[in-house]
Amino acid sequence: MLFPRKFQSLAVVSTLCVLLVAGCSRNPSPAEQGSITIVGSTSVQPVSEVLAEKFMQLHPGVRINVQGGGSTAGITSVQSGAAEIGASSRELKSSEKNLHETVIALDGIAVVVHPRNPVSSISLGDIRRIYAGQVTNWSELGGPDAQITAVTREAGSGTRGAFEEIVMGADKIADSVIVQDSTGAVRTTVSQDPNAIGYISLASVNQEVKPLAFEGVMPSPQTVRAGTYRVSRPFIYVTKEPPTGLVKAYIDFVLGPDGQRIVEAEGLIPVRSHE
Amino acid sequence: MSPRTEERLVKVVLWAVAAVVITILLSIVVHVMVRGIPSVNLTFLTEMPRRMGKEGGISTVLAGTLYVVTLSLFFATPIGVAAAVYLAEYARESRLVSAIRFSIESLAGIPSIIFGLFGFVFFVLYLRMGWSIISGALTLALMILPTIVRTTEESLKAVPSSYKEGSLALGATRLQTIFKMAIPSALPGILTGILLGTGRAVGETAAVLLTAGSSALSLPRTIKDPARTLAVHLFILSHEGISMEKAYATATVLIVSILALNSLTTSLLTRFRQRLMQ
Amino acid sequence: MPASISHPATSKAKLQALRKKPVRKYLSLEMAVPGVFLLSASIVMAAVAVISLFVFRSGIPLIQKVGLVSFLTGRTWDPSAGIYGILPMLTGSLLVTITALVLGVPVALAGAVFLSEFAPITVAVVLRRCIELLAGIPSVVYGFFGVIVLLPLLRQIFGGSGFSVLAGAIVLAIMILPTVLSVSLEAIKTVPQEYREGSLALGATHWQTIKGVVLPAARSGIFASFILGMGRALGETMAVIMVVGNTTRMPRSLLDPVRTLTANVVIEMKYATGDHQQALFATGIVLFLFIMALNFAARLTFANSRRSK
Amino acid sequence: MTLAIKIATKNLSVYYRQLQALKYISMSIPEHSITALIGPSGCGKSTFLRTLNRMNDVIEGSRVEGEVLLDGQNIYSHGVDVSEIRKRVAMVFQKPNPFPMSIYDNVAYGPRIHGLKRRGVLDEIVERSLRAAALWDEVKDRLEKSALGLSGGQQQRLVIARALAVRPEVFLMDEPASALDPISSGKLEDLLFELRRDYTIVIVTHNMQQAARVSQYCGFFLSGEMVEFNQTKTVFTNPRDKRTEDYITGRFG
């Protein structure tokens with residue numbers, strides 16, 4: 001917790017002050033006012049934006065704000081009431097389990113290299129050794145004699161969490177591994193450096209990078225859904241209570257056929273059948 | 001080496017340095033503009049961004065920038081100018097005054113990420129303003145305050161004391177002298193300070209990202225709505241790898257606005273000086 | 001009451017009122033308005049206090065938990081294991097900043113000397129406009145440029161990934177250039193013309209005059225510009241993140257990737273909770289104190305320069 | 001009294017952009033004497049002084065026509081080393097301008113820039129120059145202190161000592177006493193008499209009595225022209241030009 005308890009009562013007083021200062025009040029029940037704020041993971045943000053755009057088209061009176069800020073910011077905001085929905089790309093911590101969570105999609109995590117890299121398949125053991133700093137040259141994996149530039153995400157990132165859990169197991173990612181703090185930055189790095197390897201959301205894979213088969217399975221929505229491609233993580237909408245009113249309407253839309261179709265179109269894996 | 005050869009050598013080196021500086025600058029600006037200009041057109045400026053900015057334009061981002069920056073100036077300018085008047089016209093050397101001065105210097109030195117952290121815990125969470133234009137504007141206001149105070153104070157101090165004495169000698173009160181004589185004479189400097197602050201606010205990323213949010217789906221209507229500024233938009237586009245084409249276009253718009261702001265400052269100043277000379 | 005008496009009385013009262021009213025109004029204004037000025041000035045002080053309070057409060061608990069010494073000198077940063085040592089980032093920040101100063105300051109100083117002493121008017125005007133523009137470009141653009149132009153270049157020259165102290169330092173050197181240049185330019189310009197003439201009249205060349213009299217006379221201002229540049233370099237975030245690689249290992253050479261204090265905060269804040277989040281605020285505190293100390297140093301040099309003049 | 005000519009100007013004109021500040025001045029300044037230049041403000045006497053060691057080069061937009069001959073050599077001819085000229089023709093300004101460094105470093109500045117580095121020799125030069133400028137006794141115990149701590153009169157003598165250290169032949173002085181009190185001013189005049197034996201001195205002054213007291217020759221400037229140049233005695237007792245007479249007797253504003 002960022003704030004000790006005693007400040008929470010203070011916060012009530014200060015809220016009143018702010019209402020006076022700002023001269024416009026936040027309706028205690030935003031659902032009726034027709035406005036939702038979604039805050040959280042930058043990985044979830046793109047799909048949230050498309051979902052929100054569509055939902056607003058269907059309900060012209062409704063207003064949805066989609067913010068980045070990271071999973072934690074999302075969860076904190078929901079806890080403090082600053083946002084109705086938190087978007088998380090990582091599993092909730094045990095201290096956060098008092099919140100209500102809805103998995104809206106699955107996201108595969110693809111291991112990617114530069115398109116010119118001759119390596120096209122990799123085993124779990126090899127990736128683990130690369131990220132643990134035990135394998136440092138591509139020649140050890142049948143590639144050219146060049147030093148490997150391994151790229152990881154920052155500590156706490158949902159993508160990294162899933163990667164660590166499924167790929168690294170008990171091993172730690174070495175502190176010599178380059179850290180980038182966004183999917184885009186990892187992809188840019190890999191696309192520019194012929195010797196780089198990284199892991200990114202499957203939805204973000206484009207022609208600038210080459211996804212590797214992992215344990216013989218190519219990452220794709222189908223293989224993730226079938227469970228044969230094992231590296232994936234959930235995209236979660238977090239609410240303080242089980243959703244009601246407008247928030248419920250929106251989440252129902254997301255889980256409904258229209259929403260799940262959008263999820264799929266964005267390169268993610270739907271959690272509900274929409275056929 | 002004789003002094004004359006040394007001088008010649010130094011001149012060559014300095015010209016070379018100047019050339020290098022210019023080259024670096026131009027290469028950065030040209031690199032961005034060449035890729036950006038083809039995508040900048042009326043549609044780009046007036047359409048809403050779609051799919052995180054991958055498609056569409058930057059209309060909501062422009063509006064957000066305008067709101068956040070204007071509001072931050074609205075807070076920072078009166079306070080900054082008043083503080084500067086106090087320091088330049090009233091302050092005697094005292095503990096309080098040196099504490100104020102130290103605060104201003106500290107505020108000027110605080111890195112923007114600290115402002116961002118503070119804005120996030122204080123305005124967004126503690127005061128429950130949420131990610132909003134008001135949170136972003138207040139954070140930016142704090143950030144640009146020292147710039148305004150310092151430039152205003154400098155220009156007030158640069159007003160010759162003979163002017164002030166002349167005014168006081170005519171029987172004007174201190175306040176009248178300040179408002180009728182000192183502030184008008186210092187106006188160009190004050191304006192420069194405000195425009196410098198504007199430039200900083202327009203270009204700021206970290207502090208705005210953490211306080212004003214990054215929503216760009218619709219036009220903000222009230223100051224409680226979140227907003228995305230140009231700098232934040234550029235950061236998201238390039239950093240999240242959403243669209244380099246749109247990123248270059250946004251960067252071009254940003255650089256052009258900064259250029260426009262700079263030229264505006266310069267031309268205002270020249271015009272003001274000319275008026276004084278006549 | 002007879003009218004003949006009351007009339008002059010009221011007119012007298014009116015006259016008095018006429019005479020007094022504006023005066024009294026002005027007097028109260030003269031008293032009140034400076035109060036408003038002082039209040040505004042105090043807001044700045046309050047802001048610094050509140051900023052310190054909130055940032056400190058959010059980070060101190062962790063420092064207490066870990067211990068200041070092990071927080072500052074710990075070589076391992078592993079939030080998932082609850083190990084928080086920021087020595088690599090502290091080293092990273094210092095290394096990147098110092099290298100940036102070594103690269104940027106001579107160029108900036110040379111530029112300032114060129115602009116004030118040697119440049120023909122037209123060149124000087126163009127150059128100044130360029131410097132202003134350079135100062136106005138948002139840091140993201142610099143980072144952008146670093147990723148697309150600088151990193152591939154470094155990869156070609158030195159091999160490896162390109163992410164390095166050097167890459168960060170080059171980007172920062174370009175970014176602090178305008179600050180250092182314009183502040184030292186001001187310092188050089190305020191050196192009285194008489195000093196220059198005095199030296200020239202002794203048969204010194206222009207360059208000897210600059211070296212022997214102008215630069216020494218402007219040294220405190222020039223020094224202050226270094227400190228300002230250093231503060232900017234230490235505090236810069238967005239551009240640095242994009243090019244230094246952000247590893248948490250202690251750097252051993254300028255070609256090693258590093259993470260700076262600012263990068264540590266920005267990179268991990270998005271997903272941090274609990275102790276981890278506090279540790280990031282604590283990183284912010286270290287940065288904050290560092291920059292405050294720098295400001296203090298700058299203030300002292302300024303004070304010294306004023307005394308010696 | 002016939003003396004060799006140290007500096008001569010021939011048809012010397014100076015322009016500041018379009019404005020002609022000096023008009024065709026021809027003058028011969030004798031060696032080992034003090035020449036005073038008098039005239040109202042803005043008459044061009046300071047400009048004239050600054051042309052004699054090319055200090056006008058510093059002012060942007062200034063242009064010189066005609067010749068200035070130092071020992072018969074034109075200092076404006078192509079390929080002349082300006083530093084060398086200024087080393088030979090020293091200048092003392094109206095406002096004392098010691099550098100913001102120690103007294104010692106101020107005096108040693110000139111020899112150092114001309115390549116002298118040995119401490120022993122420098123010590124000797126500093127002492128000799130300060131003695132010659134009648135300042136040694138006052139500052140010998142505080143040579144390492146900042147020169148900015150000296151009084152105005154001391155500063156002006158320090159500046160002269162600084163100039164003496166480069167062994168000039170000519171001294172140009174632009175109202176050197178105008179910022180000084182009468183006592184310091186008196187000391188300075190005494191110093192000028194001393195210096196006259198070894199140097200040629202040209203002094204611009206507003207103070208007519210001073211000109212009459214210290215100089216042997218006197219030139220009267222008006223509106224960029226030299227109205228009259230003669231022995232000081234003659235100028236003050238028997239001026240040839242009506243305008244000179246009017247100025248000396250105080251009929252000008």
Side-chain angles (χ1 to χ4, degrees), chain B residues 3-4 6-7 10-11 13-15 17-18 20-22 24-25 28-29 31-32 78-79 82-83 85-87 90 99-100 102-107 109-114 117-118 121-122 126 142 145-146 149 173-175 199 203 205-206 231 234-235 238 247 251 254-255 258-259 261-262, chain C residues 26 29-30 33-34 36-38 40-45 47-48 50-51 54-55 58 107 110-111 113-114 118-119 123 127 129-130 132-134 136-142 144-145 149 174 177 205-208 231 234-238 262 265-266 281 284 287-288 291-292 294-295 298-299:
Chain B
R4 286 179 91 186
E6 194 183 329
E7 170 143 341
V10 166
K11 270 193 186 171
V13 169
L14 290 181
W15 272 97
V17 168
V20 167
V21 170
I22 291 275
I24 291 175
L25 169 87
I28 293 177
V29 174
H31 175 90
V32 173
I79 294 177
V85 169
Y86 179 78
L87 288 175
Y90 286 92
I100 292 174
F102 183 66
S103 306
I104 291 169
E105 274 151 33
S106 305
L107 207 57
I110 294 176
S112 59
I113 178 64
I114 303 266
L117 288 183
F118 166 74
V121 293
F122 188 67
Y126 186 68
L142 287 178
L145 201 53
V149 176
T173 66
R174 202 166 180 187
L175 212 55
T205 311
L234 170 59
F235 178 72
S238 61
L254 200 50
I255 290 180
I258 300 271
L259 249 178
L261 216 57
N262 280 349
Chain C
Y26 250 114
L29 264 184
E30 289 281 331
V33 175
V36 175
F37 293 156
L38 177 60
S40 302
S42 308
I43 287 178
V44 181
M45 217 162 39
V48 174
V50 174
I51 291 174
F54 269 79
V55 175
S58 311
V107 176
V113 170
F114 178 74
F118 290 106
V123 177
L127 209 55
R129 295 301 289 276
C130 287
E132 278 166 22
L133 182 65
L134 205 56
I137 293 179
S139 52
V140 184
V141 174
Y142 286 104
F144 210 42
F145 187 73
V149 178
I174 298 172
L177 194 75
T205 62
H206 195 171
W207 171 239
Q208 281 176 322
L234 265 180
E236 178 49 42
T237 316
M238 294 309 189
T262 48
V265 178
V266 171
F281 273 93
L287 182 67
F288 186 72
I291 289 185
M292 288 291 237
L294 267 183
N295 283 339
R299 215 175 131 73

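Chain letters run A, B, ... following the sequence lines, proteins first and then strands; every chain starts at 1.
Heavy atoms closer than 4.5 Å to chain B are found in the side chain of C/Leu177, but not in its backbone. Only the side chain of B/Leu145 comes within less than 4.5 Å of a heavy atom of chain C; its backbone N, CA, C and O stay farther away. In this structure, the portions of C/Val44 lying under 4.5 Å from any heavy atom of chain B include both its backbone and its side chain. Residue contact with chain B, scored on non-hydrogen atoms closer than 4.5 Å, involves the backbone and the side chain of C/Ile51 alike. When heavy atoms are compared at a cutoff of 4.5 Å, B/Val13 does not approach chain C at all. B/Phe235 touches chain C through backbone and side chain together, each having a heavy atom under 4.5 Å away. Both the backbone and the side chain of C/Thr205 come within contact range of chain B, each with at least one heavy atom under 4.5 Å from a heavy atom of that chain. Contact of B/Leu254 with chain C is made through the side chain alone, with heavy-atom distances under 4.5 Å. Contact annotation for C/Val55: only side-chain heavy atoms (C-beta onward) come within less than 4.5 Å of a heavy atom of chain B. Looking at B/Leu142, the atoms closer than 4.5 Å to chain C (heavy atoms on both sides) all sit in the side chain, from C-beta outward. Contacts of C/Val123 with chain B are made by side-chain atoms alone, with heavy-atom separations under 4.5 Å and no backbone atom involved.
Judged purely by atom type and a 3.5 angstrom limit, B/Glu7 uses its side chain to pair as donor or acceptor with the backbone of C/Trp207.
A pairwise comparison of heavy atoms in B/Ala83 and C/Ser40 identifies N-CB, 3.7 Å as the closest pair. What you find for C/Leu127 and B/Ala18 is that their closest heavy atoms are CD2-CB, 4.1 Å. Closest non-hydrogen pair, C/Leu287 versus B/Pro111, comes out as CD2-CG, 3.7 Å. What you find for C/Gly111 and B/Val17 is that their closest heavy atoms are N-CG1, 4.3 Å. Between C/Pro34 and B/Tyr86, the closest heavy-atom pair is O-CD1, 4.1 Å.
For B/Glu105, the salt bridge (charged side-chain N to carboxylate O under 4.0 Å, His left out) test picks out C/Arg299, with sequence neighbours left out. With sequence neighbours excluded, the residues satisfying side-chain hydrogen bond (donor to acceptor under 3.5 Å, both in side chains) with B/His31 are B/Arg35, B/Tyr248.
Within the 4.5 Å cutoff, side-chain heavy atoms of B/Ser238 are placed close to those of C/Val140. Inter-residue side-chain proximity for C/Leu38 and B/Tyr90 is flagged as unmet; no heavy-atom pair is nearer than 4.5 Å. Contact check for B/Val29 versus C/Ile137: side-chain heavy atoms found under the 4.5 Å cut-off.
The CD1 atom of C/Ile291 sits 7.0 Å away from atom CD1 of B/Ile114, with the distance rounded to the nearest 0.5 Å. With rounding to the nearest 0.5 angstrom, the CD1 atom of B/Ile110 is 4.0 Å from the CZ atom of C/Phe288.
Results of the side chain to side chain contact (heavy atoms under 4.5 Å, CB included) test with C/Met238 over B/Ile113, B/Thr205, B/Leu234 single out B/Thr205 as the only residue that passes.
Between chain C and the residues B/Gly199, B/Ala99, B/Pro78, B/Ala247, the most heavy-atom pairs under 4.5 angstrom are made by B/Ala99.
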